[in-house]
Amino acid sequence: MSDHYVKVKDQLEQMKSLGEDAEKQGVDAAEEVQEVQVSSLPPASDPQSIIIAGRDASNTSITCKQRGKSRSKPGRDAKHTSDLSSAHIGKNLNRMGNEKTLHIRGTGKILLGKPAESNGNYVTIHPSKNIQETRREEGFKHAKKRRPVTVDTSKAKTSLEALKLSIKQLQWKEFPLGRRAACDIYWHGVSFHDNENIVSGQVNKFPGMIEMLRKINLSRAMRTVQELFPEEYDFYPRSWILPEEHQQFLTQIRMVKENDATVNFTFIVKPDGGSQGDGIYLIRDPTELKLMAGSQAKQAVVQEYIHKPLLIDKLKFDIRLYVLIKSMEPLEIYIAKEGLTRFCTEPYQEPSQKNLSHVFMHLTNYSLNVHSSNFVHSDSQSTGSKRTLSSVLYRLAAKGVDIKKVWSDIIALVIKTVIAVVPELKVYYQADIPPGKPGPTCFQILGFDILLMKNLKPVLLEVNSNPSMRIEHEQEVTPGVFEYVPSPVDEEVKVGVIRDTLRLMDPGHKKPSM
Ligand code: ADP
């Protein structure tokens, strides 16, 4: 086992106890923004991490810390730094019953939850009103002194609208045409390489992330960890890579059928470079695979189809969760509290030969379902074909579902997935930005697509390196005439995600060096 996987083993052990503790403590997922910091090496010279984790900087640890989330106000700057002090004074706050602190076996304590106050659809989290207000005042003073953070938005492409709103809310400075002098942050719409001339600052993409998260590469990485830790990674459906594992696929299915002739499988086939449901089809028999595109063998993943998804209003839906990789070394992961759920537009039935081609029943992609006459564009966040994650969680909670458990399972799924892809990502990263060479640092928002099974177990479908940050949607205004119109649900969620990401990446809040 390589060094990395030994560390992974440690981390998985710790996560088990984290999960147990989280459930015991009854952390309310729907009311929290969570940061998960996974560090494989103790950042000994990093007081912030030591404070966050409340540990003695001598252990490998997995830490979770909650961060307040609010609509941007100038005072948020101060709130941001103050979160750290609130972690520092966690013990006192605990005594006041204001903060839940988790302990992870062998690693010290972990901050997980504080009570939340609703602020519209966002939640402002603070230990006490007075403390928050003081922070806000300090924030105003602080904000006045600092020059605004500069953001190069010239390559932002389809994220531009959401990005502009976020920058405006933060009162930062946007450079829509780029800037001769360096900017603090460069926002790229597609890849790290959108602009090759950056030597400082921070870029919102990691080199190699697109390649690493392509369907085949993700499946390969998941296979590696599944072989090592089958139980820990049982949230990723069994997958085979085509064309190379075609024979293996046929043999395995044949063997299962030989044992039990009544078994009925359904598989979903996904082209490697595909997105938005393009080229996806379902099959019930391995012979139905379309293996060739002209004279070329098709690169694809064939995957076990999850045939018993959780339904709401008889419809299949999936979750789009936004995850920020804030840094790779040490690995810091933030999970956005708010995400989206995308609904199918035809009532779900378990796959049968008759309904296999009903994409509106089996595929939750917005890009496909938007073309159904049943698609509901709604201004409300809790109805329609695209809803907020929190509205769905609340609805499930109202039905008696243990959403704390669901949320902690989702967090575990995210951390484990990131751990699985990090070794290769580091190789890409170091090839593009070798240690010692001047270059930017990187962060990235990823889009995790997660399906909840009927038994509430989350399943990872895929990870998008470029989740759509569009806040408009196409609408047929008159027959045959389409226009982009604002989408309130997208705006609420995506502007929040981008704004909070920017705040976390604010260079003014770099960890103090020793
Ligand atoms: P794309 O990148 O083209 O969107 P996905 O892997 O996200 O590809 O799959 C598209 C849709 O197909 C998902 O949103 C989901 O609704 C459905 N889907 C994908 N994989 C599975 C699976 N293993 N079981 C059931 N449904 C799936």
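Because only heavy atoms are used, hydrogens play no part in the values below, and waters and symmetry mates are left out as well, while side chains stay in. Along the sequence shown, residues are numbered consecutively beginning with 1. Counting starts at 1 for both ligands and their atoms, in listed order.
The G274 neighbourhood of ligand 1 comprises atoms 2 (O), with distances under 4.0 Å to a heavy atom of that residue. Of all atoms in ligand 1, numbered sequentially from 1 with element shown, those under 4.0 Å from a heavy atom of D449 are 7 (O). The distance from ligand 1 to the heavy atoms of E304 drops below 4.0 Å at these ligand atoms: 22 (C), 23 (N). The ligand atoms of ligand 1 that sit less than 4.0 angstrom from a heavy atom of H362 are 16 (O), 17 (C).
Side chain of K257 to main chain of V263: a donor-acceptor pair is present (N/O by atom type, distance under 3.5 Å, no hydrogens or angles). Between the side chain of S159 and the main chain of G189, no donor-acceptor pair closer than 3.5 Å is present.
Using bins of under 30°, 30° to 60° and over 60° for the plane-to-plane angle, the ring pair W240/F249 lands in the tilted bin. Using a 30° and 60° split on the angle between ring planes, Y186 and H188 fall in the perpendicular class, above 60°.
The shortest N or O to N or O distance between K215 and ligand 1 is under 3.5 Å. Looking at ligand 1, you'll find an N or O of G277 within less than 3.5 Å of one of its N or O atoms.
The protein heavy atom nearest to atom 5 (P) of ligand 1 is E462 OE2, 3.8 Å. The protein non-hydrogen atom at the shortest distance from atom 26 (N) of ligand 1 is K316 NZ, 2.9 Å.
The residue from M361, K270, R238 that puts a heavy atom closest to atom 6 (O) of ligand 1 is K270. Among T364, V463, L461, the residue whose heavy atom lies nearest to atom 21 (C) of ligand 1 is L461. Selection from I280, T266, D318, I319 by nearest heavy atom to atom 9 (O) of ligand 1 gives I280. When the options I268, L363, V301, N365 are ranked by their closest heavy atom to atom 10 (C) of ligand 1, first place goes to N365.
Aromatic rings from F360 and H371 are positioned such that their centres are separated by 6.0 Å or more. Proximity of the aromatic rings of F206 and Y428 is defined here by a centroid distance below 6.0 angstrom, and this criterion is not met.
In this structure, R387 pairs ionically with D313, as a charged nitrogen and a carboxylate oxygen lie closer than 4.0 Å.
In this structure, H307 falls outside the shell of residues with a heavy atom less than 4.0 angstrom from ligand 1. Within the structure, ligand 1 lacks R342 among the residues with a heavy atom less than 4.0 angstrom away.
A donor-acceptor contact closer than 3.5 angstrom is absent between the side chains of Y281 and S357. With no hydrogens or angles considered, no side-chain donor-acceptor pair links Q381 and S391 at under 3.5 Å.
Contacts of I306 with ligand 1, taken as heavy-atom pairs under 4.0 Å, involve both backbone and side chain.
A cation-pi arrangement, defined by a distance under 6.0 Å to the six-membered ring centre and an angle within 45 degrees of its axis, is absent between R284 and Y305.
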